[in-house]
2 protein chains.
Amino acid sequence: MLGLIGRRGKSAMALQYDEIVRGSLAKQVADLIRAAILEGRLQVDERLPTEEELAKRFGISRPTVREALKVLAAQNLIRSRRGPAGGTFVTRPDLDAAARTITDAATLLVGMGRFEIDEIVAARGQTEALCCRLAARNRTDEDLDAMAQELLLQQDETLSDEDFCASDVRFHRAVVQATGNGPLQFIMHAMIESFIPITNMLIYRHHERRRTIGAHQRIRMAIAERDEDTAAALMQHHVEGMRAVLDQALAHRRLEKPGGETI
Amino acid sequence: MLGLIGRRGKSAMALQYDEIVRGSLAKQVADLIRAAILEGRLQVDERLPTEEELAKRFGISRPTVREALKVLAAQNLIRSRRGPAGGTFVTRPDLDAAARTITDAATLLVGMGRFEIDEIVAARGQTEALCCRLAARNRTDEDLDAMAQELLLQQDETLSDEDFCASDVRFHRAVVQATGNGPLQFIMHAMIESFIPITNMLIYRHHERRRTIGAHQRIRMAIAERDEDTAAALMQHHVEGMRAVLDQALAHRRLEKPGGETI
DNA sequence: ATTTTTATATTTGTCAAACCTTTTGCGTTT
DNA sequence: AAACGCAAAAGGTTTGACAAATATAAAAAT
């Protein structure tokens, strides 16, 4: 019974205005375990007690414990397996999983129209230009190869719009990858994966492929020659050149507003 | 009974190798509802059926439904209230909530040592210098006031290390805020909130306050005068100047490795 | 003796039915 | 008209049980 507040009687203690209760029992338990993980009191890959044991120790029921564990699992902090050697384990922080999390969050915001197109274009232009600078400085030959591979693919005329967009995303990712900076790659994920597809799916219906490919090729060339200023300027021009096309494409899209009850 | 796969007997259907099941029932339900929200089939602030009703429609039990809803609530997609007018509602995508999500993800990665200090310093220097440029271009007088307020606070000698660090974070946030670019602010949250505290809590034990304050003041002045190049250079120098101090501080910290069973 | 099969115990996953707590709204009383 | 109180609705929690998966040990077959 770890001090959780359940079925609290209104103890007539005068002047006790500070946070009566933080939330549901499940939330309190989730917060406790999360804190234990974040503070390192629970090591990576360490096994937590069984759900029944947790329920007993916290003085709550197993379904409530499970609700708490589900929340933590949704945050990629723990994972569960069945069986005798199963149980709940602390998950090693995974770069991909974390990147997916922030991408989802960014995609949601973009999809719900919380950002202006102009803002997105400006943010892309600036940050990707910066990445170009660092890429020109730190790129390896493998990075150049990765870019070349996408360029080759993009020149295939039979490529569907969707596949072309996907290749475009991979090209920009390759540029970010070439910076060799982990934290920057992590941050740029949100840009690359959420901002680019939204803008591109609108644009490529208007057949701007040739121009895009040309810009990509020049960018790669500048990075190959370690010409920071040129690479950055090219990228910024490439991205911000979309603005006009985007505004036009957006006008078409305003009319599509589906709605339907499914659940 | 919406086609969920529960208690599946090994139906002897030959050649049905494709994804027998996606996961637990709770996960399947969570995925279904999430997709409905992300695709706009469930509008913002729309009320979902009651938990009992959902259980009936999906053909599963209420605890399982609740596990699914908890997952979605943890992702800030829904919220629940009790009472007759209560229920489960689709949450409007919130910038702060999303920012908190990515901050948590980044903090976790940093805390678990998935990034090198050098990388973090470099990423901070580059991106914050970029923000300085845009801040110098777009800042309002209110932005300058916000910076000045933190500077004033930082000059208080009696400030605790923790409070000084918090003010430092707010100063850097004010710079990002001054860019006036929503997506950029969103992305930079992860830097500001997770990368800065980690580095600063190490540094300020070594009493670098005066130098920090001086750098802040010069940065603000350059932004006020709309001098992009100077502001960017100052910020980059300010951030990357920490590297040596950081390496030193890190050496001290290597010895602290607490471990203890609490859950 | 080695491999394969079977049994068993353990742990998560799911279910059912109830009860508790909070909140709203209505109806009664003052 | 305002205040109070009650009842209904919905999420929050509990209890106890069973189902499914899986690692380990035991047994059987080769």
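Chain naming here is simple, since letters A, B, ... match the order of the sequence lines and numbering starts at 1 in each. Computed from heavy atoms alone, side chains included, the values below leave out hydrogens, waters and symmetry copies.
- Between the CG atom of L54(A) and the P atom of dT11(C) there is a distance of 12 Å, given to the nearest Å.
- Contact annotation: side chain of R79(A) to base of dT12(C), donor-acceptor pair absent below 3.5 Å.
- Atoms CZ (R47(B)) and C1' (dG11(D)) sit 10 Å apart, rounded to a whole Å.
- For the pair E193(A) and R100(A), the salt-bridge criterion is not met [side-chain N within less than 4.0 Å of a carboxylate O].
- For R62(B) against dG12(D), a side-chain-to-base donor-acceptor contact under 3.5 Å is present.
- Note: CD (E52(B)) to P (dT13(D)) measures 17 Å, nearest angstrom.
- Distances shown here put every side-chain N or O of T64(A) at or beyond 4.0 Å from the OP1 or OP2 atom of dG12(D).
- Between R81(A) atom CZ and dG13(C) atom P the separation is 11 Å, expressed in whole Å.
- Remark: P of dA16(C) and CD1 of I60(B) are 10 Å apart, rounded to the nearest angstrom.
- Remark: R47(B) CZ is packed, more than 12 non-hydrogen atoms of other residues, nucleotides or ligands lying under 6.0 Å away.
- Considering only side-chain atoms of S24(B), the nucleotide from dT21(C), dG13(C), dT24(C) that sits closest is dG13(C).
- As rounded to whole Å, 13 Å separates atom P of dT11(C) from atom CG of L48(A).
- Set against dT12(C), dT14(C), dA23(D), the side chain of A26(B) has dT14(C) as its closest nucleotide.
- With DNA chain D read from its 5' end, the first of the two nearest nucleotides for T88(B) and A85(A) is the one closest to T88(B).
- Of the candidate nucleotides dA20(D), dG11(D), dA23(D), dA20(D) has the atom lying nearest to any side-chain atom of R82(A).
- Scanning all heavy atoms of the two residues, the minimum distance from Q43(A) to V90(A) falls at O-CB, 3.3 Å.
- Taking only side-chain atoms of L25(A), from C-beta outward, the nucleotide of dC15(C), dT11(C), dT13(D) with the closest atom is dT13(D).
- One can place CZ of F89(B) at 10 Å from P of dA10(D), the figure rounded to the nearest angstrom.
- Residue E51(B) places its side chain closer to dG12(D) than to any other of dG13(C), dC15(C), dG12(D).
- When each of dG13(C), dA23(D), dA16(C) is scored by its nearest atom to the side-chain atoms of P84(A), the top-ranked nucleotide is dA23(D).
- Comparing G86(A) and P63(A) against DNA chain C, the residue whose closest nucleotide sits nearer the 5' end is G86(A).
- The listed nucleotides are dG12(D), dC15(C), dT24(C); the one nearest the side chain of R66(B) is dG12(D).
- The minimum heavy-atom distance between L184(B) and C131(B), with the atom names listed, is CD2-SG, 4.1 Å.
- Judged by closest nucleotide on DNA chain C, K70(A) is the one of G83(B) and K70(A) placed further toward the 5' end.
- In this structure, D45(A) pairs ionically with R79(A), as a charged nitrogen and a carboxylate oxygen lie closer than 4.0 Å.
- One finds a salt bridge joining E53(A) and R57(A) here, because a Lys/Arg side-chain nitrogen approaches an Asp/Glu carboxylate oxygen to under 4.0 Å.
- For the pair E67(B) CD and dT14(C) P, the computed distance is 7 Å after rounding to whole Å.
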